[in-house]
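Residues take their numbers from the sequence shown, with the count starting at 1.
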Amino acid sequence: MLMNGLGGDLLPEDVRRKKLAGNLLLMGSNTSQKFIIAVDTRTMDFVDLNTQLGINAGVEFDFTEEVEIDGKTYIYFNITGKGIYALDVTGVTDTTVVTDNVKIRLAHADLTGWVNPKPLRCGKHSIVELDDPQFPGKSIVTYYVSDGMPRLYNLQTGETKICLDMVDANYGTAIQARPLVNDGNGNLYIGAFNTPKCAVYDTRTGELTNFESNSAQTDAFTFLDGVTYTGNYNNASITRINPDGENEQLLEMKSGYNQARVHAMTAGGGKVFAGTTPYTGYGGCFAWVDVANGDATVVKENFIENQSINSLTYHDGVVFGTTYTSGGSGSGSMEGLSAVLFA
């Protein structure tokens with residue numbers, strides 16, 4: 001199933017951010033045509049959340065997972081120069097109609113006082129719970145783009161701090177963190193820019209453990225049956241990180257497929273899924289490793305013609321994905337292309 005346009009101009013050249021809440025698929029981008037929408041995955045009806053915000057807003061980095069605060073459920077995201085916003089998804093279930101209960105509110109408009117008077121520009125971010133009485137309940141952890149240092153913002157109290165426990169200066173995980181992913185079991189996985197070095201931070205004990213993926217850089221993490229998998233640059237590989245910390249490359253898509261990056265990963269149904277960006281030219285791959293069947297691999301080349309795959313989400317046996325129209329090695333968008341949502 002392929003969907004583009006969403007009623008005209010709402011899907012431009014790039015759909016980078018995506019999050020599922022019940023049957024509602026939240027989508028956003030921060031390209032020249034900024035947008036935030038919620039799509040009903042059953043009917044493909046949608047609502048334009050920018051209209052509710054009253055601003056021309058785009059999602060700078062990913063949406064967080066759902067957070068329960070004072071009886072309500074929120075999903076947080078960052079808008080460059082405007083701060084951290086929260087989408088109220090209280091009551092959203094698999095039967096929710098797209099126009100019901102989709103209300104957006106401003107959670108915090110100015111986090112620039114953390115460190116720097118300039119407008120906030122976070123890197124990737126996630127939700128954590130720490131064993132720290134000054135940071136009760138849920139906190140957002142993010143990396144400030146200019147210095148790579150991890151920062152916390154407590155969603156209950158508004159307290160902020162630099163979290164030096166998450167930094168290993170000798171190992172390099174503080175330098176422009178790339179993926180920042182919570183595995184749902186209290187572990188925060190951290191990948192660093194331009195190095196295979198990674199780390200996992202135990203939010204319960206404050207312990208930081210280092211490990212390495214293969215290739216030059218880890219761009220994505222996903223988890224299946226308690227095992228960690230990474231998506232890597234510059235050989236577009238999928239790697240399994242075994243419990244002993246050793247890595248095992250399961251699929252490599254540079255040789256034979258001309259792919260450079262795995263930006264998108266998800267897992268479910270015994271499979272690990274990945275979407276890629278080419279090394280040169282246009283056309284990303286949609287690939288998976290069938291872990292439940294002896295790590296058999298499947299690669300679908302140029303899956304969405306002349307487009308790269310930028311995000312994937314697994315839900316009830318279906319993989320949802322979004323694309324962007326740029327190619328590899330700085331290739332601009334092809335004229336006339338529009339990003340798509342596929343399933």
Side-chain angles (χ1 to χ4, degrees), residues 16-17 60-65 76-78 84 114-115 120-132 135 138-154 160-224 226-234 237-247 261-267 272 274 311:
R16 289 181 178 259
R17 331 298 172 198
E60 174 67 7
F61 285 92
D62 296 335
F63 297 96
T64 70
E65 55 266 38
Y76 291 84
F77 59 95
N78 175 303
I84 302 293
W114 294 20
V115 178
L120 176 69
R121 182 156 191 255
C122 298
K124 297 280 188 171
H125 53 261
S126 189
I127 300 293
V128 295
E129 290 189 69
L130 304 178
D131 185 15
D132 185 340
F135 285 77
K138 309 281 188 178
S139 296
I140 290 178
V141 58
T142 186
Y143 280 72
Y144 201 67
V145 169
S146 63
D147 62 11
M149 296 297 287
R151 288 165 171 82
L152 288 170
Y153 170 71
N154 188 263
T160 64
K161 72 172 181 177
I162 295 176
C163 190
L164 294 177
D165 290 345
M166 296 181 188
V167 175
D168 186 338
N170 295 323
Y171 201 72
T173 53
I175 307 302
Q176 295 187 35
R178 303 293 284 188
L180 194 65
V181 183
N182 194 318
D183 71 351
N185 296 312
N187 300 306
L188 185 70
Y189 283 78
I190 306 166
F193 176 71
N194 204 27
T195 173
K197 297 171 181 178
C198 304
V200 56
Y201 177 75
D202 189 325
T203 60
R204 298 150 297 188
T205 66
E207 181 181 1
L208 187 75
T209 303
N210 298 312
F211 66 94
E212 293 195 11
S213 185
N214 72 320
S215 193
Q217 177 176 296
T218 295
D219 278 350
F221 293 104
T222 195
F223 311 96
L224 180 68
V227 179
T228 303
Y229 296 82
T230 66
N232 310 298
Y233 169 81
N234 59 1
S237 60
I238 300 173
T239 299
R240 175 164 51 219
I241 307 300
N242 291 310
D244 60 4
E246 293 297 318
N247 61 60
R261 295 181 181 273
V262 174
H263 267 151
M265 294 189 83
T266 192
V272 173
S311 69

Original post:
In terms of side-chain heavy atoms, does S213 have a donor or acceptor partner in N232 at a distance below 3.5 Å?
Top reply: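 Yes, N232 and S213 have a side-chain donor paired with an acceptor closer than 3.5 Å.
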Minimum heavy-atom separation for [X] and [Y], please, with both atom names.
X	Y	value
T239	N247	CG2-CB, 3.4 Å
Y201	L130	CE2-CD2, 4.2 Å
P196	T218	O-OG1, 4.5 Å
N154	S139	ND2-OG, 3.0 Å
V262	S237	CG2-O, 3.8 Å

Could you give the distance from [atom1] ([X]) to [atom2] ([Y]), rounded to the nearest 0.5 Å?
X	Y	atom1	atom2	result
I140	Y153	CD1	OH	7.5 Å
L152	K161	CG	NZ	6.0 Å
I241	Y189	CD1	OH	9.0 Å
D219	M265	CG	CE	11.0 Å
S126	E65	OG	CD	4.0 Å
F221	I190	CZ	CD1	8.5 Å

I'd like to know if the side chain of [X] reaches the main chain of [Y], judged simply by a donor and an acceptor atom lying under 3.5 Å from each other, with no hydrogens or angles considered.
X	Y	answer
T64	Y76	yes
T203	G186	yes
N185	N187	no
N182	I127	yes

Original post:
Do N210 and K197 have side-chain heavy atoms sitting under 4.5 Å apart?
Top reply: no
Original post:
Should T228 and D183 count as side-chain neighbours, where that means a heavy-atom distance under 4.5 Å?
Top reply: no
**OP:** Can you establish whether the number of heavy atoms outside N234 located under 6.0 Å from its atom CG is more than 12?
**Re:**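 Yes, enclosed.
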